[in-house]
Amino acid sequence: MKLENEIEKIKQMVDQSQTVAVVGHRNPDGDSIGSCIAVCEWLESIGKSVSIFVDGEISSKFSYLKKFNQFNLGADQEHFDLLIVLDLSDPARLGVWDCLIAKSAKTLVIDHHVNPVFVQCDLLIDLPEYASTGEIVYSLFELLKVEITAEIASALYTSIACDTGCFLFANTTAYTHHVVESLMKKHNLDIEGINFKNFRAYDRQNIPVITYVLKHIKFAFDGKLAIAVLPYKAVKKWNLDYESRHGLFKYVTDINGVKSSIFLTELNKGEYNISLRSLGEIDVAKIARRINGGGHRNASGATFKGSRKQLLKILMAEFAQVIK
Ligand SMILES: [Mn+2]
C-alpha cells in the first residue's frame, strides 16, 4: 500500500464530511495524542466540526499541547459524518469509544501496526514501514499541502519522538529525521522541554518502586532475557498510574547484554498486563499475538488472566525459540 495512491479517497471522505470524530487508542501514548491533535488542527483549519476522543488515562506530561484539555468533550454527540481512527488497527483498543463506529457514517483508519484487524471500516491505511502514525500524518499533510502550524509541529514531533524512543529505536529512519528537520525548520520547537517531559523526567516518589524493580529483576538465557514482575501488592502499595508503570520499563530493557525483556504488572489479582521489548530481529509482536496481544516487532503487549507460573511458562517457551 502506498499513501499517494489512497490520497484521493482520503480527500473525498474528508470533503464530504462536516462533523468528524478523531480517536486514538486507549491509554494513549505520545503518538496517539500527537497524531489526534495534529489531525484535529488540520480539520478545524478547513472548517470541520471536530471532536477528539481517547479512553483511559491521559498523562499530564502532554499538557504542553494546546488541545490537551479538549479530549472526550463531544461524548453526547449522536452522529458524526466521519470517524478517523489513528494509531490503532484493532477496534478492541478503542476502549469505550468503540461506540463511535456505530455513530459515524464512515470510518477511516490510519495506522502503522502490523496485521491490522479493523473490519468495520471504509478505508484502512496501514503502513507498518512508518515508525509512527505521526510520520504518516506528516506525509498526508505534505500530499494535501496542509499548512504546518506551531501546534501541529509540536504534536507531530511528540508523535515521532515518542514512537522512536527519542530516535533510539531501530524503527528510526532517514525519513523520521527528515520529517523532524522540516518541522524544526518551520517552527521553534521546545525540543529540550518536550524531550525532558517524555524521556527523562520521573517523579521522586517513584524511587522506592524503581528500587523494588531493580532488586527483583531475573535473567534467563545467559542474561539475554530480563524479567520483571510487579505483583498486585506492589501495584496497590505504590498506586502507580499507567505513565509511572511505563517509566519502569527502561530499567529492565536497557541493561548491557539484554536482548529482550518481559515486564509483568499484576493490575488486579491474577490479571496481568504484559509488556515485551526486544532489540533487532527478535520479534516480540509475534509472541504477543500468540497470547491475544499485538504491537510492533520490538515493542508489544498483551493481557492475561491466570496464574503467573503458567504465564511465565508460556512466555519462556516462546522466548526459547527466538533467543539464540
Ligand atoms: Mn504509534
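Since we're looking at a predicted model, the values are computed, not measured. As a basis for the values below, the full set of heavy atoms in this structure was taken, side chains included, without hydrogen atoms, waters or symmetry mates.
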Item to complete: List the steps, then state whether side-chain hydrogen bond (donor to acceptor under 3.5 Å, both in side chains) holds for S63 with S60.
Response: CA-CA 5 Å; S63 60; S60 60; 6.0 Å; no

Worksheet item: Does the pair K11/E8 count as a salt bridge with the N-to-O cut at 4.0 Å?
Response: no

Worksheet item: Does the ring centre of F249 sit less than 6.0 Å away from the ring centre of F263?
Response: yes

Item to complete: Could you tell me whether E318 and K286 have a side-chain N and a carboxylate O separated by less than 4.0 Å?
Response: no

Discussion item. For a quick test of reading the model, state the closest non-hydrogen atom pair linking Y64 to T158 and the distance between them.
Written reply: OH-OG1, 2.8 Å

Practice prompt. Test S32 against D29 for side-chain hydrogen bond (donor to acceptor under 3.5 Å, both in side chains), laying out the working first.
Written response: CA-CA 5 Å; S32 195; D29 54 17; 4.6 Å; no

Worksheet item: According to the interplanar angle, ranging from 0 to 90°, do the rings of F53 and W97 count as parallel (below 30°), tilted (30 to 60°) or perpendicular (above 60°)?
Response: tilted

Item to complete: Search all heavy atoms of M316 against all heavy atoms of A220 and return the closest pair with its distance.
Response: CE-CB, 3.4 Å

Worksheet item: Would E266 and K233 count as a salt bridge (charged side-chain N to carboxylate O under 4.0 Å, His left out) if you check the C-alpha gap in whole Å, the side-chain angles of each, and the deciding distance to 0.1 Å?
Response: CA-CA 8 Å; E266 193 179 9; K233 64 171 196 285; over 6 Å; no

Discussion item. If we count only N and O atoms by modelled type, under 3.5 Å, do the side chains of N298 and S278 hold a donor and an acceptor together?
Written reply: yes

Worksheet item: Atom CD1 of I58 and atom CG of D55: how far apart are they, to the nearest 0.5 Å?
Response: 9.0 Å

Worksheet item: Looking just at side-chain N and O atoms, do D126 and H112 make a donor-acceptor pair shorter than 3.5 Å?
Response: no

Worksheet item: Hey, any chance L156 and F169 share a hydrophobic cluster, counting ILVMFWY side chains that come within less than 4.5 Å of each other, even indirectly?
Response: no

Item to complete: State plainly whether the residues K67 and E44 are in salt-bridge range, i.e. N to O under 4.0 Å.
Response: yes

Fill in: Atom pair CZ/OG of R245 and S275 - distance to nearest 0.5 Å
8.5 Å

Worksheet item: Are any of the side-chain nitrogens in K185 or E181 under 4.0 Å away from the carboxylate oxygens of its partner?
Response: yes

Discussion item. Is it the case that the side chains of Y157 and N195 hold a donor-acceptor pair, with the cut-off being a distance below 3.5 Å and no angle test?
Written reply: yes

Worksheet item: How many angstroms lie between NZ in K186 and CD1 in I152, if you round to the nearest 0.5 Å?
Response: 10.5 Å

Worksheet item: Taking side chain as C-beta onward, heavy atoms only, is S159 less than 4.5 Å from Y138?
Response: no

Discussion item. Looking at every heavy atom in both D31 and G134, which two are closest together, and how far apart are they?
Written reply: OD1-N, 3.0 Å

Worksheet item: Quick one: are V229 and R308 in side-chain contact, heavy atoms under 4.5 Å?
Response: yes

Worksheet entry | Closest approach of K250 to F199 (non-hydrogen atoms, all atoms of both residues) | NZ-O, 3.7 Å

Worksheet entry | D111-H113 side chain donor-acceptor pair, cut-off 3.5 Å | yes

